[in-house]
A.B. asks: 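First, the structure itself, so that you have it in front of you.
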Protein chains: 2
Amino acid sequence: MAGRGKIPRPTVKRLSLYLRELENQSTAGQTTINSRQLGDALDLTDAQVRKDLAYFGQFGHPGIGYQVLDLIAELRRILGTDHPWHAVVVGAGNIGRAVTRYGRLGGKGFEIAGIFDSDPEIIGEAVDRHRVRPMEDLAGVVGEQDVKIGLLAVPAEDAQLVAEALVAAGVRGILNFAPRRLVLKPGVPIVSVDLTVSLEQLAFAISLTEDGAIDG
Amino acid sequence: MAGRGKIPRPTVKRLSLYLRELENQSTAGQTTINSRQLGDALDLTDAQVRKDLAYFGQFGHPGIGYQVLDLIAELRRILGTDHPWHAVVVGAGNIGRAVTRYGRLGGKGFEIAGIFDSDPEIIGEAVDRHRVRPMEDLAGVVGEQDVKIGLLAVPAEDAQLVAEALVAAGVRGILNFAPRRLVLKPGVPIVSVDLTVSLEQLAFAISLTEDGAIDG
DNA sequence: CGTTGTGAAATGATTCACAGCT
DNA sequence: AGCTGTGAATCATTTCACAACG
């Protein structure tokens with residue numbers, strides 16, 4: 001395959017946003033969109049949109065723009081969500097349960113294959129259409145259902161150990177909700193979501209505006 | 001105040017990570033830390049750490065490093081979390097409840113002042129030590145308790161309208177969990193957390209490693 | 001001596017601006 | 001005419017490397 005050039009990291013994040021927006025536009029009946037329109041909807045320049053997409057191929061039609069459905073299909077292919085990904089949730093506390101119950105993942109190419117916890121009090125409880133399973137079952141489920149993604153929703157102090165267990169079980173990447181940096185062998189990507197970090201970003205941004213600065 | 005120079009956006013995100021790491025180090029008994037150690041813990045260069053901190057002042061001691069407790073205090077001051085921020089949660093679904101029940105916010109300078117929903121079936125239910133309140137109460141609570149932050153956890157289709165209601169009620173910034181881009185008047189910062197976007201980032205990163213590339 | 005803070009250099013990302021396609 | 005794809009130019013961020021300091 002013609003090896004694609006080097007992709008800026010911010011570009012990948014925007015691909016998800018393009019996809020989300022295009023799915024909305026498609027639902028709204030739009031069949032074609034140009035880089036200006038897509039950029040306006042996401043507060044980006046048209047050049048940014050074109051450049052981002054052009055890293056992956058030539059999807060547009062000069063004089064017309066992009067076919068919404070085609071571009072959705074391309075973006076899914078690029079992101080890898082044109083085929084379903086199986087994921088396990090570890091930690092059946094507030095966040096683990098909320099994520100498991102979040103219904104919209106299936107339509108986005110992600111399937112929850114199981115939810116796990118080490119607390120015997122919790123094991124067996126129902127969460128959505130799953131039952132909380134013991135950690136001992138983890139490797140089996142990951143192996144049998146070709147689970148590639150682990151959603152880590154355990155307390156911070158357990159996060160590192162459980163992350164290692166996930167990798168040992170065969171998971172290929174981790175979405176980490178625990179407020180701890182994980183160190184794993186290279187080649188196992190980690191994406192982190194930390195509520196406190198997000199709130200601190202917001203607090204800082206608000207403080208800036210209160211000192212008279214303007215932020216778009 | 002001596003106007004600080006222009007702060008790179010990535011720097012602000014790292015400040016939160018520095019703070020988190022320093023709090024861990026402090027708990028572990030560390031009293032002093034240098035830029036190399038802090039960088040290693042977060043997978044950053046020592047120069048990056050020093051430059052980030054130097055945007056805000058001179059906190060280090062040549063030959064020694066940084067006093068952990070002092071630096072924690074400085075970072076809290078910079079981020080604004082040296083005094084508590086009041087926040088409301090709107091939407092008492094899975095995510096809204098999980099966030100409301102997440103106990104660790106108080107210690108980080110954030111207090112949940114109330115949780116709201118428009119569904120009469122849900123109003124009155126207990127979530128943690130709160131009861132779900134009707135949207136009509138929103139402006140009152142925001143005004144009386146000096147609420148600056150709104151956590152938006154409603155379905156995507158309601159997000160824009162509820163965001164506008166939050167701003168009208170007097171909220172100064174929004175943490176948005178809904179998979180929709182919000183458009184609000186300038187000066188109201190928005191930080192977004194989208195589970196699907198995070199999973200897509202992860203899927204893309206995993207796909208890269210499966211094609212032989214190595215990613216640290 | 002070890003470590004900070006910081007200009008200067010290098011790298012990375014975005015925007016400009018236009019040739020070329022439909 | 002309208003819009004894409006893309007080199008070149010600009011702008012932003014990171015890294016280098018070292019003088020200054022305790």
Side-chain angles (χ1 to χ4, degrees), chain A residues 2-18 22 25 30-72 74-75 78 201 204 208 213 215-216, chain B residues 2-18 22 25 30-68 70-71 74-75 78 201 204 208 213 215-216:
Chain A
R4 43 166 102 96
K6 215 193 49 216
I7 316 297
R9 265 252 234 129
T11 290
V12 184
K13 191 148 204 190
R14 286 190 298 265
L15 295 181
S16 288
L17 302 180
Y18 296 149
L22 288 163
Q25 296 283 348
Q30 190 102 353
T31 62
T32 230
I33 194 168
N34 66 38
S35 58
R36 167 92 77 101
Q37 296 170 304
L38 189 46
D40 284 352
L42 295 170
D43 213 24
L44 303 167
T45 65
D46 55 334
Q48 181 78 83
V49 171
R50 292 198 302 278
K51 186 143 285 208
D52 282 342
L53 298 175
Y55 284 116
F56 300 93
Q58 312 209 154
F59 309 135
H61 307 282
I64 312 282
Y66 303 85
Q67 292 299 126
V68 172
L69 288 176
D70 290 355
L71 193 47
I72 287 172
E74 292 290 357
L75 286 169
I78 293 164
Q201 300 306 299
F204 181 85
L208 279 190
D215 183 39
Chain B
R4 39 166 103 95
K6 214 195 49 219
I7 316 297
R9 267 252 235 127
T11 291
V12 183
K13 192 148 203 189
R14 286 190 298 265
L15 295 181
S16 289
L17 302 179
Y18 297 149
L22 288 163
Q25 296 283 348
Q30 191 102 351
T31 63
T32 230
I33 195 168
N34 66 37
S35 58
R36 168 91 78 100
Q37 296 169 305
L38 189 46
D40 284 352
L42 294 170
D43 213 24
L44 303 167
T45 65
D46 55 335
Q48 180 78 82
V49 172
R50 292 198 301 279
K51 185 142 287 211
D52 281 343
L53 297 175
Y55 284 117
F56 300 94
Q58 309 211 156
F59 308 135
H61 307 280
I64 313 283
Y66 303 84
Q67 292 300 126
V68 173
D70 291 354
L71 192 48
E74 292 289 358
L75 286 169
I78 294 163
Q201 300 305 298
F204 181 84
L208 279 190
D215 183 38

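The basis for the numbers below is simple: all heavy atoms, side chains too, and nothing from hydrogens, waters or symmetry mates. Within every chain, numbering begins at 1; the chains are lettered A, B, ... in the order of the sequence lines, protein sequences first and strands thereafter.
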A.B. asks: Which atom pair, heavy atoms only, marks the closest approach of A:I7 to A:Y55?
C.D. replies: CD1-CB, 3.8 Å
A.B. asks: Do you know the tightest heavy-atom contact between A:L42 and A:Y18?
C.D. replies: CD1-CD2, 3.4 Å
A.B. asks: Check the surroundings of atom CZ in B:R14: do more than 12 heavy atoms from other residues, nucleotides or ligands lie under 6.0 Å from it?
C.D. replies: yes
A.B. asks: Output the rounded distance in Å from CG (B:L38) to C1' (C:dT4).
C.D. replies: 14 Å
A.B. asks: With sequence neighbours excluded, what pairs up with A:Y66 under the side chain to side chain donor-acceptor pair (under 3.5 Å) test?
C.D. replies: none
A.B. asks: What is the distance, to the nearest angstrom, from the CZ atom on B:F59 to the C1' atom on C:dT3?
C.D. replies: 17 Å
A.B. asks: Below 4.0 Å from chain A heavy atoms, what is the first contacting nucleotide of DNA chain D and what is the last?
C.D. replies: D:dG2 to D:dA8
A.B. asks: Measure the CD-CZ distance between A:Q58 and A:R50 for me, rounded to the nearest 0.5 Å.
C.D. replies: 13.0 Å
A.B. asks: Tell me the closest heavy-atom pair linking B:Q25 and B:I33, and the distance in Å.
C.D. replies: CG-CD1, 4.1 Å
A.B. asks: Using a 4.0 Å heavy-atom cut-off, write out nucleotides 12-17 of chain C from 5' to 3' as B (base contacted by protein), S (sugar-phosphate only) or - (no contact).
C.D. replies: SSBBBB
A.B. asks: Check side chain to side chain donor-acceptor pair (under 3.5 Å) between B:Q67 and all other residues, then give those that pass, not counting sequence neighbours.
C.D. replies: B:T32
A.B. asks: Quick one: closest heavy-atom pair of B:F204 and A:I78, and the distance?
C.D. replies: CD1-O, 3.3 Å
A.B. asks: Which atoms form the tightest heavy-atom contact between A:T11 and A:D52, and what is the distance?
C.D. replies: OG1-OD1, 2.7 Å
A.B. asks: May I ask you to say what B:G63 touches in the nucleic acid, namely base, sugar-phosphate or nothing, with a heavy-atom cut-off under 4.0 Å?
C.D. replies: base
A.B. asks: B:D46 has an atom CG; how far is it from atom P of C:dG2, in whole Å?
C.D. replies: 14 Å
A.B. asks: Nearest heavy-atom pair of B:N34 and B:I64: which atoms, and what distance?
C.D. replies: CB-O, 4.3 Å
A.B. asks: Mind grabbing the angle between the end helix axes of the helix from C:dC1-D:dG22 to C:dT22-D:dA1? Five pairs an end, 10° rounding.
C.D. replies: 10°
A.B. asks: Can you tell me the distance, in whole Å, between the CD1 atom of B:I33 and the P atom of C:dT3?
C.D. replies: 12 Å
A.B. asks: For A:Q37, which residues count as a side chain to side chain donor-acceptor pair (under 3.5 Å) partner, sequence neighbours excluded?
C.D. replies: none
A.B. asks: Roughly, in whole Å, what's the span from NE2 in B:H61 to C1' in C:dT3?
C.D. replies: 11 Å
